[in-house]
Amino acid sequence: MTDRKDELAANLAKVENRIAAACAAAGRAREEVTLIVVTKTYPAGDVRILSELGVRHVAENRDQDAAPKAAACSDLPLAWHFVGQLQTNKVRSVVGYADLVQSVDRSKLVTALSKEAVRQEREVGCLIQVALDAGENGRGERGGVAPGGIEELADLVAKAPGLRLDGLMTVAPLTGEYAGRQRAAFERLMDLSTDLRRAHPAANMVSAGMSADLEEAVAAGATHVRVGTAVLGVRPRLG
Ligand SMILES: *Cc1c(COP(=O)(O)O)cnc(C)c1O
């Protein structure tokens with residue numbers, strides 16, 4: 001356990017240095033960027049260690065793994081972010097522990113989240129997940145709505161009882177015009193955020209950047225980076 005704590009502390013320090021350097025290079029204050037550690041596939045014990053090391057935001061992408069982990073860590077001062085594709089039949093469980101859902105990408109999900117948030121008397125922060133590589137159907141391979149669908153969905157979230165519209169999230173596309181162009185993808189997300197904030201000024205979260213591309217996200221203006229591998233190590237299985 002001590003070894004794991006040393007390992008996580010060293011990895012966190014490296015990630016912290018990367019974020020600080022990226023902020024300095026972009027002329028941004030370090031406080032403008034929040035680190036969210038993606039703990040998917042790693043045990044509750046790691047989450048506990050991260051909390052001891054000062055981490056305040058964690059993210060998960062599968063309810064089956066996240067629900068028991070969040071329950072085991074319910075005594076810790078952590079904000080839980082849900083970042084995976086979310087089926088409506090999992091909404092009841094996810095609303096039980098998630099402070100934010102970053103993968104809101106369709107109206108049916110908004111309706112289900114709102115209904116459940118009201119029932120559980122919780123307020124759930126919502127980010128609209130944007131698919132910059134959306135196909136003809138207006139949806140991304142890994143979830144997300146095409147840029148043209150943001151406004152309608154945002155208005156729906158803003159009006160939904162129990163939900164709070166917090167901003168936008170994206171995952172850098174592996175295909176399409178933004179493949180291999182993370183910086184351009186994240187700058188596009190920033191432009192979309194600027195548009196969104198005209199109608200919804202408080203929706204100022206911009207969640208972008210992972211282990212491999214957090215520098216590009218910070219340079220573009222992201223307020224939240226989601227880092228898994230660089231803190232916890234290469235995942236033992238696909239997450
Ligand atoms: C897994 C995951 C991350 C973290 O990815 P790493 O490359 O491990 O840093 C970030 N965002 C989402 C949506 C993820 O599923």
Side-chain angles (χ1 to χ4, degrees), residues 7-8 10-19 21-22 33-43 46-47 50 53 55-67 69-70 78-87 90 94 97-106 109 124-134 139-145 166-175 178-183 185-186 189 192-193 205-220 222-239:
E7 186 184 353
L8 292 181
N11 290 347
L12 265 181
K14 277 186 221 152
V15 168
E16 176 54 38
N17 284 342
R18 286 176 60 191
I19 296 173
V33 179
T34 299
L35 169 65
I36 302 170
V37 178
V38 183
T39 49
K40 64 189 182 195
T41 77
Y42 284 95
D46 281 353
V47 177
L50 290 168
L53 293 170
V55 169
R56 290 293 169 262
H57 295 265
V58 293
E60 290 283 332
N61 74 334
R62 282 163 48 102
D63 177 61
Q64 302 90 299
D65 295 341
K69 224 184 282 185
L78 291 169
W80 289 80
H81 298 247
F82 192 86
V83 299
Q85 292 188 45
L86 181 52
Q87 302 306 318
K90 303 287 188 203
V94 168
Y97 57 86
D99 298 288
L100 281 100
V101 174
Q102 298 205 5
S103 45
V104 175
D105 63 358
R106 58 200 193 282
L109 183 55
V124 179
C126 294
L127 301 190
I128 309 290
Q129 182 179 346
V130 182
L132 294 170
D133 57 351
R139 318 206 12 102
E141 295 258 326
R142 292 170 294 167
V145 65
D166 281 342
L168 300 181
M169 177 274 237
T170 203
V171 178
L174 297 173
T175 59
Y178 289 107
R181 300 171 60 224
Q182 286 93 333
R183 176 72 185 264
F186 298 146
L189 186 71
L192 295 167
S193 169
M205 278 180 67
V206 180
S207 174
M210 318 200 295
S211 294
D213 54 21
L214 72 87
E215 281 84 1
E216 285 84 356
V218 171
T223 62
H224 291 69
V225 291
R226 310 177 307 268
V227 180
T229 312
V231 172
L232 289 142
V234 175
R235 282 179 288 278
R237 61 185 162 86
L238 205 72

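Order of appearance sets the numbers: ligands from 1, and atoms from 1 within every ligand.
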Output yes when K40 and D65 qualify as a salt bridge under the 4.0 Å nitrogen-oxygen rule, no when they do not.
no

Closest heavy-atom approach to atom 8 (O) of ligand 1 among T229, T41, N61, V234 is made by T229

What part of R235, side chain, backbone, both or neither, has a heavy atom within less than 4.0 angstrom of ligand 1?
side chain

So H224 and H81, would you call those rings parallel, tilted or perpendicular, with 30° and 60° as cut-offs?
tilted

Hey, which of R142, Q85, R139, Q129 is the one that makes side-chain hydrogen bond (donor to acceptor under 3.5 Å, both in side chains) with D105?
R139

Polar atom proximity, G228 to ligand 1 (N or O, under 3.5 Å)
yes

E60, K40, M169, R226: member with heavy atom nearest to atom 14 (C) of ligand 1:
K40

Provide the number and element of each atom of ligand 1 under 4.0 Å from a heavy atom of V227.
9 (O)

Is it true that atom CD of E16 has more than 12 heavy atoms of other residues, nucleotides or ligands lying nearer than 6.0 Å?
yes

Just heavy atoms, cut-off under 4.0 Å: does V83 contact ligand 1 by side chain, backbone, both, or neither?
both

When you compare the side chain of H57 with that of L100, does any pair of heavy atoms fall below 4.5 Å?
no

